[in-house]
A.B. asks: 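Before we start, here is the structure in question, set down as structure tokens.
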Amino acid sequence: MIRTCLLLFAVLATHVALAQKTPAVLKTEFTAEALQQSLFRPDGTQTTAGEVLDGFKGQTVLLYIWAMWCPDCLKGFPELKAFQAANPDVPVVFFSLDREKQRWKDGIEKFDLKGTHYWFKTDWKNAFTNAIDLNWIPRYLIINPEGGIAHYYAVKANDPALQQAVDKLAK
């Protein structure tokens, strides 16, 4: 029994360690397929990732990929709100991987998440998440004013690289 528990723990620890591994290639642009990925607004209307990002051209944006079923996402909300307070001119765009629309909408309200919200209405894997090598959530990206990726990989809102990317773009 002890061996089985130790083996199970080792497998789980390895999976977690590998899941959070920074992708080998840090991308600076979204693929055409990623930009065509369907997203849904809280009112149920459909759009695409490209249309969403085009709406923020000229601005530096924090793109946050999350879900209500993700404990790390919920734990990170204080850091996210601190980032927002420190960067009031940086809009936050939320892309949710929630499995249920109502749970997603309830989470926005429950946690008073300020920003623009979209829902994939797909499983974990879709054209957008595949294109950014999504292997863990939460995931934070900084989008530059041209719509490219200024910072590709962060799993915590208080990652200093996020603020550094915002500061660099402000110059």
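Excluded from the calculations below are hydrogen atoms, water molecules and symmetry mates; all remaining heavy atoms, backbone and side chain alike, are included. What you are looking at is a predicted structure, and each value in this text was computed from that prediction instead of being measured.
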A.B. asks: Name all residues meeting the side chain to side chain donor-acceptor pair (under 3.5 Å) criterion together with Thr122; count only those two or more places apart in sequence or in a different chain, and write none if there are none.
C.D. replies: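 Asn126.
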A.B. asks: For residues 84-98, please give each side-chain donor-acceptor pair under 3.5 Å, one per line with the distance, not counting sequence neighbours.
C.D. replies:
unit_1, atom_1, unit_2, atom_2, d
Gln84, NE2, Lys114, O, 2.7
Asn87, OD1, Gln163, NE2, 3.0
Asn87, ND2, Phe83, O, 3.0
Asn87, ND2, Gln163, OE1, 2.8
Ser96, OG, Asp98, N, 3.0
Ser96, OG, Asp98, OD2, 2.8
Asp98, OD1, Met68, N, 2.8
Asp98, OD2, Met68, N, 3.1

A.B. asks: Test of understanding: with salt bridge (charged side-chain N to carboxylate O under 4.0 Å, His left out), list the residues that count as partners of Lys125, not counting sequence neighbours.
C.D. replies: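 Applying salt bridge (charged side-chain N to carboxylate O under 4.0 Å, His left out) to Lys125 gives none.
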A.B. asks: With sequence neighbours excluded, tell me which residues meet ring-ring contact (aromatic ring centres under 6.0 Å, His included) with Phe30.
C.D. replies: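 By the ring-ring contact (aromatic ring centres under 6.0 Å, His included) rule, Phe30 matches Phe128.
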A.B. asks: Consider only side-chain heavy atoms of I, L, V, M, F, W and Y, link residues closer than 4.5 Å, and tell whether Phe111 and Ile137 are in one cluster.
C.D. replies: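 Cluster IDs for Phe111 and Ile137 differ.
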A.B. asks: Side-chain heavy atoms nearer than 4.5 Å, only ILVMFWY residues, links allowed to pass through others: does that put Tyr64 and Leu35 together?
C.D. replies: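 No, separate clusters.
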A.B. asks: Are Leu134 and Leu162 connected into the same hydrophobic cluster when the rule is that any two of I, L, V, M, F, W, Y join if their side-chain heavy atoms are below 4.5 Å apart?
C.D. replies: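 Cluster IDs for Leu162 and Leu134 differ.
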A.B. asks: Distance from Ile149 atom CD1 to Glu29 atom CD, nearest 0.5 Å?
C.D. replies: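 That separation rounds to 7.0 Å.
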A.B. asks: Can you sort out the partners of Arg41 under side chain to side chain donor-acceptor pair (under 3.5 Å), two or more places apart, ordered by chain and number?
C.D. replies: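 For Arg41 the side chain to side chain donor-acceptor pair (under 3.5 Å) partners, ignoring immediate neighbours, are Thr45.
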A.B. asks: Can you name the side-chain contact (heavy atoms from CB on, under 4.5 Å) partners of Lys110, sequence neighbours left out?
C.D. replies: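 Not a single residue meets the side-chain contact (heavy atoms from CB on, under 4.5 Å) criterion with Lys110.
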A.B. asks: For Tyr153, does its backbone N or O pair with a side-chain atom of His151 as donor and acceptor, under 3.5 Å?
C.D. replies: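 Yes: the side chain of His151 pairs with the backbone of Tyr153.
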A.B. asks: Please list, chain by chain and in numerical order, all residues satisfying side chain to side chain donor-acceptor pair (under 3.5 Å) with Asp106, sequence neighbours excluded.
C.D. replies: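 Counting only residues at least two positions away or on another chain, Asp106 forms a side chain to side chain donor-acceptor pair (under 3.5 Å) with Gln102.
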A.B. asks: Here's one to test your reading of the geometry: is the NZ or CZ of Arg139 within 45 degrees of the ring axis of Trp66 and under 6.0 Å from its centre?
C.D. replies: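 Not satisfied by the 6.0 Å and 45° rule.
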A.B. asks: Which residue pairs pass the salt bridge (Lys or Arg N to Asp or Glu O under 4.0 Å) test with at least one member in residues 148-159, sequence neighbours excluded?
C.D. replies: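 Residue pairs with at least one partner in residues 148-159: there are none.
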A.B. asks: I'd like to know if the side chain of Thr129 reaches the main chain of Trp124, judged simply by a donor and an acceptor atom lying under 3.5 Å from each other, with no hydrogens or angles considered.
C.D. replies: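 Present.
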A.B. asks: Can you list every pair that meets side chain to side chain donor-acceptor pair (under 3.5 Å) and has a residue in residues 140-149, with sequence neighbours left out?
C.D. replies: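 Non-adjacent pairs meeting side chain to side chain donor-acceptor pair (under 3.5 Å): zero.
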A.B. asks: Decide whether Phe120 and Phe40 are clustered together by the hydrophobic rule: side chain heavy atoms of Ile, Leu, Val, Met, Phe, Trp, Tyr closer than 4.5 Å, transitively.
C.D. replies: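 Shared cluster, no.
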A.B. asks: Output all residues satisfying side-chain contact (heavy atoms from CB on, under 4.5 Å) with Gln164, sequence neighbours left out; order by chain, then residue number.
C.D. replies: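 Scan of Gln164 (side-chain contact (heavy atoms from CB on, under 4.5 Å), adjacent residues dropped) gives Pro160, Ala161.
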A.B. asks: What distance separates Lys105 NZ from Glu109 CD, expressed to the nearest 0.5 Å?
C.D. replies: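 If we round to the nearest 0.5 Å, Lys105:NZ and Glu109:CD are 10.0 Å apart.
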A.B. asks: Taking salt bridge (Lys or Arg N to Asp or Glu O under 4.0 Å) as the cut-off, I'd like each qualifying pair that reaches into residues 73-86, sequence neighbours left out, listed once.
C.D. replies: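 Residue pairs with at least one partner in residues 73-86: Asp72-Lys75.
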A.B. asks: Should Leu141 and Leu169 be regarded as members of a common hydrophobic cluster, given that ILVMFWY residues are connected when their side-chain heavy atoms come within less than 4.5 Å of each other, either directly or indirectly?
C.D. replies: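 Leu141 does not cluster with Leu169.
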A.B. asks: Run the side-chain donor-acceptor check on residues 50-63: report pairs under 3.5 Å with partners two or more places apart or on a different chain.
C.D. replies:
unit_1, atom_1, unit_2, atom_2, d
Glu51, OE1, Thr47, OG1, 2.6
Glu51, OE1, Thr48, N, 3.2
Asp54, OD1, Lys57, NZ, 3.4

